[in-house]
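Naming: A, B, ... by sequence-line order, numbering from 1 per chain.
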Amino acid sequence: MEQLLKCENLTKRYGYKTALDSINLNIDRGRIIGLLGPNGSGKTTLIKLINGLLSPSEGALTINGFEPGPETKKIVSYLPERTYFNSWMKVTDILDFFCDFYADFDRNRAMEMLHRLNINEQDRLSSMSKGTKEKVQLIMVMSRNADLYCLDEPIGGVDPAARDYILQTIITNYNENASVLISTHLISDIENVLDDVIFIQNGHIRLAASVDEIREQEGKSVDALFREVFKC
Amino acid sequence: MLGKLIKHEFKAVNRLMIPIHLGLILITIVGRFYVQFAMRSPMFHGYSYNVWEGIINFTLISFYVVALLAILIVTELYLMILRPRKNFFTDEGYLTHTLPVSATEHIFSKLIVALVWTTVDGILIVLSVLTMFINMDFLRHFGEIWSELITSFPDVFGVPAGVGLPVFLIMGLLSSTSSILIIYMCMAIGHSFNSHRILASVGVYVGIEIVSSLISSIFTALIGVSTIGKSTLFMVSYASTGMYNYFWPSFWFSSIVSVAMGVGAFLITNHFMTKRLNLE
């Protein structure tokens, strides 16, 4: 099977500002990876490049051997850090929309999760709180049988109880051929579910290692290591 | 996938398009009854003049005209600028551009829906005006008026109406298609900038207008010198100056200009939406 995600000398500049600087990175299948770094380190830029919302200034990025495009969008499920649904839509409209466009969307799984979190399918998004909207969006994204899930700050706006349920959902919903890339600052909350971590700073990768390696070699938790590496 | 995009595009724009066009129909029906009623007034037959009746009629007619213009402008503005901009280049773009669909399909789905609704809008506005002011006299003489229109057509345009009218329709379709694509192109270029995106889009549009009017005036001058002394890009001017020998040359010229600009605009939009996408 092809390498799931491969970045070679990936560079992205906005005008004079370099957001990502010659990154080389491979992501294998069957892993949950934390993409960790301070604000403005390039996490969101990397995720947007993976999803074809930005184009690289230099270098290349392939997913399953393809450059970002309609082919890769079939197998990448993306949760952006903002709400992207029209507020007039009802939850059922969104379910229809995802069913129509994503062949891998599992409607039953989505409905089950919606019921579990007490979200009514007939509710309009405009009548929901910010946290509820985020839950709906995350449910849609996790109800696809994708190869790569890119979750940008998935748990920032939701309450701790729902946070646990969502993390549980993430762990149970992906299969051995799929990987999950989670970008967040809330490291201690997700540390237990991560297999690998990538530390990113000023557009450079500071560290890419498995959580077990960090615990063995450094003798500390990812959260503690993060605070040490990125000490202000 | 194009079919599904069109389906969802209709679903989104119908939320505004259906109510405002139902409003148009309602205004037309109410207006028609009022016209019927006003025509019974002695004033209408010139027997007496009441200043208040005059003011009311004038106000209502102004209101009707403003309403028609508003519906026309809202339809065009929404379909050609607001909806595509929001769906492609703001937060909604995060979903739009992560669907497993090519940029070409996105552009065509928006274009087709915009063309369908602007056509419906145009037809309904014409029907509304006709409904408002048509009367038995007009209907009685409709046959004569129509055959007069058909027989005099070749005298002005140089071809029979059966040829000329479809040609005008084709030209109208080509030029609206290319002007919609040019607007998409301006937005796609403008939104590839890192800041001041709306300003940049407008700037690109103004720039293109200046360049294209420059080019067309050069063409006009060249053609003018070599052929008829005075001409413009537009058929109508040919027609009104009685230049009926130039029906086909001007048809081909303006069609080729529309097609070339439309294709160019499409290719550039497609490029900017695949290679230069820059969502905030």
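- For B:Leu277 against A:Gly52, the heavy-atom pair with the smallest separation is CD2-O, 3.7 Å.
- No more than 12 heavy-atom neighbours from other residues, nucleotides or ligands sit within 6.0 angstrom of NE2 on B:His196.
- What you find for B:Lys11 and A:Asp93 is that their closest heavy atoms are NZ-OD1, 3.3 Å.
- For B:Thr274, the part lying near chain A is the backbone, with the side chain staying farther off; criterion is any non-hydrogen pair under 4.5 Å.
- Only the side chain of B:Asn194 comes within contact range of chain A, with at least one heavy atom under 4.5 Å from a heavy atom of that chain.
- In A:Glu121, the CD atom is crowded: over 12 heavy atoms of neighbouring residues, nucleotides or ligands sit closer than 6.0 Å.
- Annotation for A:Asp100 and B:Lys7: closest pair OD2-NZ, 2.7 Å, computed over non-hydrogen atoms.
- Residues B:Asp91 and A:Tyr84 approach most closely at O-CB, 3.3 Å, considering heavy atoms.
- Enclosure of atom CZ in B:Phe63 is not indicated, since only 12 or fewer non-hydrogen atoms of other residues, nucleotides or ligands lie within 6.0 angstrom.
- Contacts of B:Ala12 with chain A are made by both backbone and side-chain atoms, with heavy-atom separations under 4.5 Å.
- Both the backbone and the side chain of A:Phe97 come within contact range of chain B, each with at least one heavy atom under 4.5 Å from a heavy atom of that chain.
- Of the atoms belonging to B:His8, it is side-chain heavy atoms, and not backbone ones, that fall under 4.5 Å from chain A.
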Item to complete: Take B:Asn278 and A:Tyr14 through the test side chain to side chain contact (heavy atoms under 4.5 Å, CB included) and record every step on the way to the result.
Response: CA-CA 9 Å; B:Asn278 190 12; A:Tyr14 301 106; 4.2 Å; yes
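- Heavy-atom neighbours of B:Phe10 CZ from other residues, nucleotides or ligands within 6.0 Å: above the threshold of 12.
- Within 6.0 Å of the CZ atom in A:Arg107, the count of heavy atoms belonging to other residues, nucleotides or ligands exceeds 12.
- For CD1 of B:Ile198, the number of neighbouring non-hydrogen atoms (other residues, nucleotides, ligands) closer than 6.0 Å is 12 at most.
- A donor-acceptor distance shorter than 3.5 angstrom exists from the side chain of A:Lys73 to the backbone of B:His97, with no hydrogens or angles considered.
- Heavy-atom contacts from other residues, nucleotides or ligands closer than 6.0 Å to NZ of B:Lys4 number more than 12.
- Taking NZ of A:Lys74 as the start and CG of B:Leu99 as the end, the distance is 12.5 Å to the nearest 0.5 Å.
- For the residue pair A:Pro80 and B:Tyr94, the shortest heavy atom distance occurs at CB-CD2, 3.4 Å.
- Crowding of B:Glu209 atom CD: a count of heavy atoms from other residues, nucleotides or ligands under 6.0 Å exceeding 12.
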Practice prompt. Kindly determine whether A:Phe101 and B:Thr98 satisfy side chain to side chain contact (heavy atoms under 4.5 Å, CB included), including the steps that lead there.
Written response: CA-CA 10 Å; A:Phe101 287 107; B:Thr98 45; over 6 Å; no
Worksheet item: Is there a side-chain hydrogen bond (donor to acceptor under 3.5 Å, both in side chains) between B:Lys86 and A:Asn86 once you walk through the steps?
Response: CA-CA 10 Å; B:Lys86 187 158 183 268; A:Asn86 263 309; 3.2 Å; yes
Discussion item. Applying side chain to side chain contact (heavy atoms under 4.5 Å, CB included) to A:Tyr78 and B:Leu95, what does each step give before you reach the verdict?
Written reply: CA-CA 9 Å; A:Tyr78 169 48; B:Leu95 180 57; over 6 Å; no
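- At a 4.5 Å heavy-atom cutoff, the contact between A:Thr83 and chain B is made by backbone atoms alone.
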